[in-house]
Number of protein chains: 2
Amino acid sequence: MVTDGKGVDAGLLQTRYRLTKQRAAILRALEDGAHLTAEAIHERVRAELPAVSLGTIYRTLDILRAIGLVQVFAHGGAARYEAALDKHHHLVCLACSEIVNVPAPQLVSIALAVAQDHRYSGVDAAMVITGRCARCAGLARNGIGLT
Amino acid sequence: MVTDGKGVDAGLLQTRYRLTKQRAAILRALEDGAHLTAEAIHERVRAELPAVSLGTIYRTLDILRAIGLVQVFAHGGAARYEAALDKHHHLVCLACSEIVNVPAPQLVSIALAVAQDHRYSGVDAAMVITGRCARCAGLARNGIGLT
DNA sequence: CTCTCTGCAAAGCATTTGCACATTG
DNA sequence: CAATGTGCAAATGCTTTGCAGAGAG
């Protein structure tokens with residue numbers, strides 16, 4: 001894990017932002033789980049700091065995103081946050097909402113080509129692949145109701 | 001335009017859904033503008049049917065999406081809707097929020113390969129490329145404030 | 001005529017924000 | 001200490017929903 005203790009903290013310390021115990025806890029929460037909603041992070045952080053408010057979670061996540069320590073991924077109701085370790089994309093099961101991280105380095109060149117065509121600079125690309133995972137596809141085949 | 005008058009209407013008529021004047025107006029609004037928010041569609045539809053409610057817009061868009069006549073694209077605050085004519089992706093300027101439709105047929109094979117690796121079926125892929133358009137990049141270079 | 005739609009208004013979430021107090025560096 | 005961060009609670013913005021009457025087929 002790239003962002004263990006010192007690594008993560010250093011990220012914050014190199015900015016004008018302060019390293020509070022709340023922010024440290026949020027970063028720790030992000031190290032464990034992936035694709036966490038703000039709510040989910042709130043619960044985890046509360047385990048050690050019961051008084052933390054959801055507002056603080058959102059404010060901190062916003063800062064971390066601005067710094068580049070955290071990546072957001074929107075799909076369905078709430079936004080999902082994860083530590084920005086490696087560049088990856090998302091494979092989502094439409095039936096059970098499982099989210100799998102997948103690499104796709106080829107995307108960079110496609111995105112760059114498209115960007116160049118339109119004179120865009122400083123580009124980044126995010127891909128979301130939707131479908132049905134093997135388990136859900138199997139259940140559907142057996143007539144068990146799915147969307 | 002593929003979905004002119006009869007074409008669009010036929011799409012609805014082939015289902016159990018009724019073709020009301022509200023729905024027809026919404027489809028017409030979608031033919032003109034692209035990347036419209038529900039609010040924007042509401043305004044356009046109101047031009048001919050002043051009494052239409054926003055609730056009806058949302059309910060209709062949801063049906064159209066389910067049928068496959070409309071594609072949704074979430075970026076920033078509100079969801080954006082567009083007629084599902086051709087398969088394309090989005091190039092978004094982070095400074096001025098311009099949204100450009102771009103093709104990227106290569107994505108299909110990448111998505112299929114990824115999906116196969118994870119035994120996913122019935123897949124679809126959506127890519128969003130973010131960056132700065134030429135105009136905004138130029139303004140930034142001249143010291144005019146941008147985000 | 002029956003079943004589906006619609007307008008209206010209220011409710012539901014996720015997220016943001018103002019403010020007085022607590023904390024960090 | 002001065003500047004930044006936090007908790008709380010209220011506010012916001014987008015979207016959904018219940019219901020009684022209107023309209024499509």
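Convention: sequence-line order gives letters A, B, ...; per-chain numbering from 1.
Separating the OH atom of B:Tyr58 from the C1' atom of C:dC13 is a distance of 13 Å, rounded to the nearest angstrom. Remark: P of D:dT16 and CD1 of B:Ile63 are 12 Å apart, rounded to the nearest angstrom. Regarding A:Leu36, its CG atom lies at a distance of 17 Å from the C1' atom of C:dT15, rounded to whole Å. Counting to the nearest Å, the P atom of C:dT15 and the CG atom of A:Leu61 are 10 Å from each other. Whole-Å rounding puts the A:Lys21 NZ to C:dA22 P distance at 12 Å.
Residue B:Tyr81 places its side chain closer to D:dT15 than to any other of D:dG5, C:dG7, D:dT15. Checking D:dT15, C:dT15, D:dG7 against the side-chain heavy atoms of A:Val52 singles out D:dG7 as nearest. Among the nucleotides C:dT15, C:dT24, C:dC8, the one closest to any side-chain atom of A:Leu54 is C:dT15. Here C:dT15 is the nucleotide among D:dC14, C:dT15, C:dT24 with the atom lying nearest to any side-chain atom of A:Ala38.
Within the nucleic acid shown, A:Gln22 comes within 4.0 Å of sugar-phosphate atoms alone, with no base atom in reach, counting heavy atoms only.
Contact between the side-chain N/O atoms of A:Thr20 and the OP1/OP2 oxygens of D:dT6 is found at a separation under 4.0 Å. Checking the phosphate oxygens (OP1, OP2) of C:dT6, no side-chain nitrogen or oxygen of B:Thr56 falls inside 4.0 Å. Taking side-chain N and O atoms only, A:Arg59 has no distance below 4.0 Å to OP1 or OP2 of D:dG7.
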Is there a side chain to side chain contact (heavy atoms under 4.5 Å, CB included) between A:His90 and A:Asn101? Walk through the geometry before answering. CA-CA 5 Å; A:His90 295 108; A:Asn101 285 356; 3.1 Å; yes

Test A:Glu98 against B:His118 for side chain to side chain donor-acceptor pair (under 3.5 Å), laying out the working first. CA-CA 12 Å; A:Glu98 172 192 54; B:His118 294 269; over 6 Å; no

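The base of C:dC5 does not come close enough to the side chain of B:Arg23 for any donor and acceptor atom to sit less than 3.5 Å apart.
Taken to the nearest 0.5 Å, the CG atom of B:Asp117 stands 9.0 Å off from the CZ atom of B:Arg119. Expressed to the nearest 0.5 Å, how far CD1 of A:Ile26 lies from CD1 of A:Ile57 amounts to 4.0 Å.
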